[in-house]
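Structure, as structure tokens:
Below, chain A is the first sequence line, B the second, and so on; all start at residue 1. Model, not experiment: these values are computed from the prediction.
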Number of protein chains: 2
Amino acid sequence: MADIKAAYLACPIRQVISRFGDKWSLLVLYTLNESDTGVMRFNELRRQMSDCSQKMLSQTLKNLEQNNLVHREVYPEVPPRVEYSLTPIGKSLMPSITALIAWAKEHFDDVVIHQIII
Amino acid sequence: MADIKAAYLACPIRQVISRFGDKWSLLVLYTLNESDTGVMRFNELRRQMSDCSQKMLSQTLKNLEQNNLVHREVYPEVPPRVEYSLTPIGKSLMPSITALIAWAKEHFDDVVIHQIII
DNA sequence: GCCACTTGGTAACTTTTCGTTACCTTTGCG
DNA sequence: CGCAAAGGTAACGAAAAGTTACCAAGTGGC
């Protein structure tokens with residue numbers, strides 16, 4: 001166990017991958033960042049990310065909240081209102097993600113479109 | 001199908017995610033980039049990424065090759081020699097990944113270690 | 001009053017992906 | 001001969017993701 005910790009400490013890319021290397025985390029962060037107000041309700045996110053199932057969105061948000069990248073605010077109303085936003089740490093990550101997006105834009109032509117769509 | 005294409009075209013982050021949003025791709029790119037010569041053989045990669053199974057490494061490399069991020073050179077010797085290296089496009093991606101790593105280093109203390117190790 | 005609809009989920013079940021183990025080929029070493 | 005090395009692939013079980021159904025507590029229409 002101690003060597004696993006050491007390996008992770010020594011290799012920051014593994015921290016990145018383990019925190020949001022899954023299929024939906026990056027997209028959640030990106031979508032929250034794109035929002036005008038910086039705050040989005042659960043179903044609002046769901047509509048923006050229509051190809052992500054409700055279960056996976058819920059799970060991904062929970063994970064991001066635990067990693068302190070996303071803030072979750074519950075308003076005890078009926079129907080319930082739950083608002084999600086980026087934490088300061090989450091915001092600090094966005095420039096790196098933006099760099100990735102810029103790369104994707106620039107090199108889009110270098111790959112075949114059908115490979116992207118599975 | 002046409003709308004799926006349009007959605008992907010309109011949202012470059014999805015291109016990034018669909019190309020190397022899986023568990024091992026980023027780590028392969030990173031490991032290749034860290035190598036002194038820039039060239040690594042299959043089992044050399046495997047030793048560096050000991051927690052990735054042979055099958056997944058093989059699959060990941062095949063995928064990266066199809067996306068033109070990794071070059072695969074086969075030497076018809078016995079025992080076979082297969083060398084992997086980053087393509088120019090693969091190399092062009094590294095600054096963005098390095099930015100992610102720098103972010104991880106800086107914000108490491110903001111998350112709890114046990115969350116990283118699953 | 002009654003039905004339909006909304007929100008933010010969770011439980012159960014199915015499908016897809018991942019990981020593990022075994023195996024293949026050809027050659028060199030002892 | 002018998003084993004090891006290289007770079008894989010095939011088959012199978014486990015884990016993760018996707019799908020569908022359902023929940024509570026209202027609100028609006030009729």
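- Between Lys23(B) and the phosphate of dG19(C), there is a side-chain N or O to OP1/OP2 separation shorter than 4.0 Å.
- Checking Gln54(A) against Asp22(A), the closest nucleotide of DNA chain D that is more toward the 5' end is the one next to Asp22(A).
- One can place NZ of Lys55(A) at 10 Å from C1' of dT10(C), the figure rounded to the nearest angstrom.
- Put simply, CZ on Arg72(A) and CD on Gln66(A) are 11.0 Å apart, with the number rounded to the nearest 0.5 Å.
- Look at CG on Asn43(A): it is 9 Å from C1' on dG9(C), rounded to the nearest Å.
- Here the P atom of nucleotide dA6(D) and the CZ atom of Arg46(B) are 9 Å apart, to the nearest Å.
- The CZ atom of Phe42(A) sits 14 Å away from the C1' atom of dT6(C) (whole-angstrom rounding).
- Residue Arg72(B) has a polar side-chain atom (N or O) positioned under 4.0 Å from OP1 or OP2 of dG8(D).
- Going from atom CD of Glu77(B) over to atom P of dG8(D) covers 14 Å, rounded to whole Å.
- No contact: Tyr75(A) has no heavy atom under 4.0 Å from any strand.
- If you check dA25(D), dA6(D), dG7(D) against the side chain of Val78(A), the one that comes closest is dA25(D).
- Within the structure, a side-chain polar atom (N or O) of Trp24(A) is placed less than 4.0 Å from OP1 or OP2 of dG18(D).
- For the pair Met56(B) CE and dT17(C) C1', the computed distance is 7 Å after rounding to whole Å.
- Taking 4.0 angstrom as the limit, Lys62(B) places none of its side-chain polar atoms (N or O) nearer than this to OP1 or OP2 of dG7(D).
- In this structure, Arg81(A) reaches the sugar-phosphate backbone alone: every heavy-atom distance under 4.0 Å involves primed, P, OP1 or OP2 atoms, never a base.
- Distances were taken from every side-chain heavy atom of Ser53(A) (C-beta onward) to each of dG8(D), dG9(C), dT19(D); the shortest belongs to dT19(D).
- The shortest distance between side-chain heavy atoms of Tyr84(A) and Leu64(A) does not fall below 4.5 Å.
- For the pair Arg47(B) CZ and dA5(D) C1', the computed distance is 10 Å after rounding to whole Å.
- Under 4.0 angstrom from either OP1 or OP2 of dA6(D) there lies no side-chain N or O belonging to Arg41(B).
- For the pair Val74(B)/Pro80(B), no side-chain contact is recorded, criterion being any heavy-atom separation below 4.5 Å from C-beta on.
- Side-chain contact between Leu61(B) and Trp24(B): absent, with no pair of heavy atoms (C-beta onward) separated by less than 4.5 Å.
- Of the side-chain N and O atoms in Ser58(A), one or more sit less than 4.0 angstrom from OP1 or OP2 of dT10(C).
- Distances from the side chain of Tyr84(A) to the nucleotides dA17(D), dG7(D), dG9(C) place dG9(C) closest.
- For Gln59(B) and dC18(C), the shortest distance from a side-chain N or O to OP1 or OP2 is below 4.0 Å.
- Taking atom CG of residue Leu57(B) and atom P of nucleotide dT9(D), one finds them 11 Å apart after rounding to whole Å.
- In this structure, the side chains of Val70(A) and Asn63(A) stay at 4.5 Å or more apart for every pair of heavy atoms.
- Contact of the Thr60(B) side chain with the Leu27(B) side chain is not registered, since no non-hydrogen atoms from C-beta on lie closer than 4.5 Å.
- Across dG9(C), dG18(D), dT7(C), the shortest atom-to-atom separation from the side chain of Pro80(A) is found for dT7(C).
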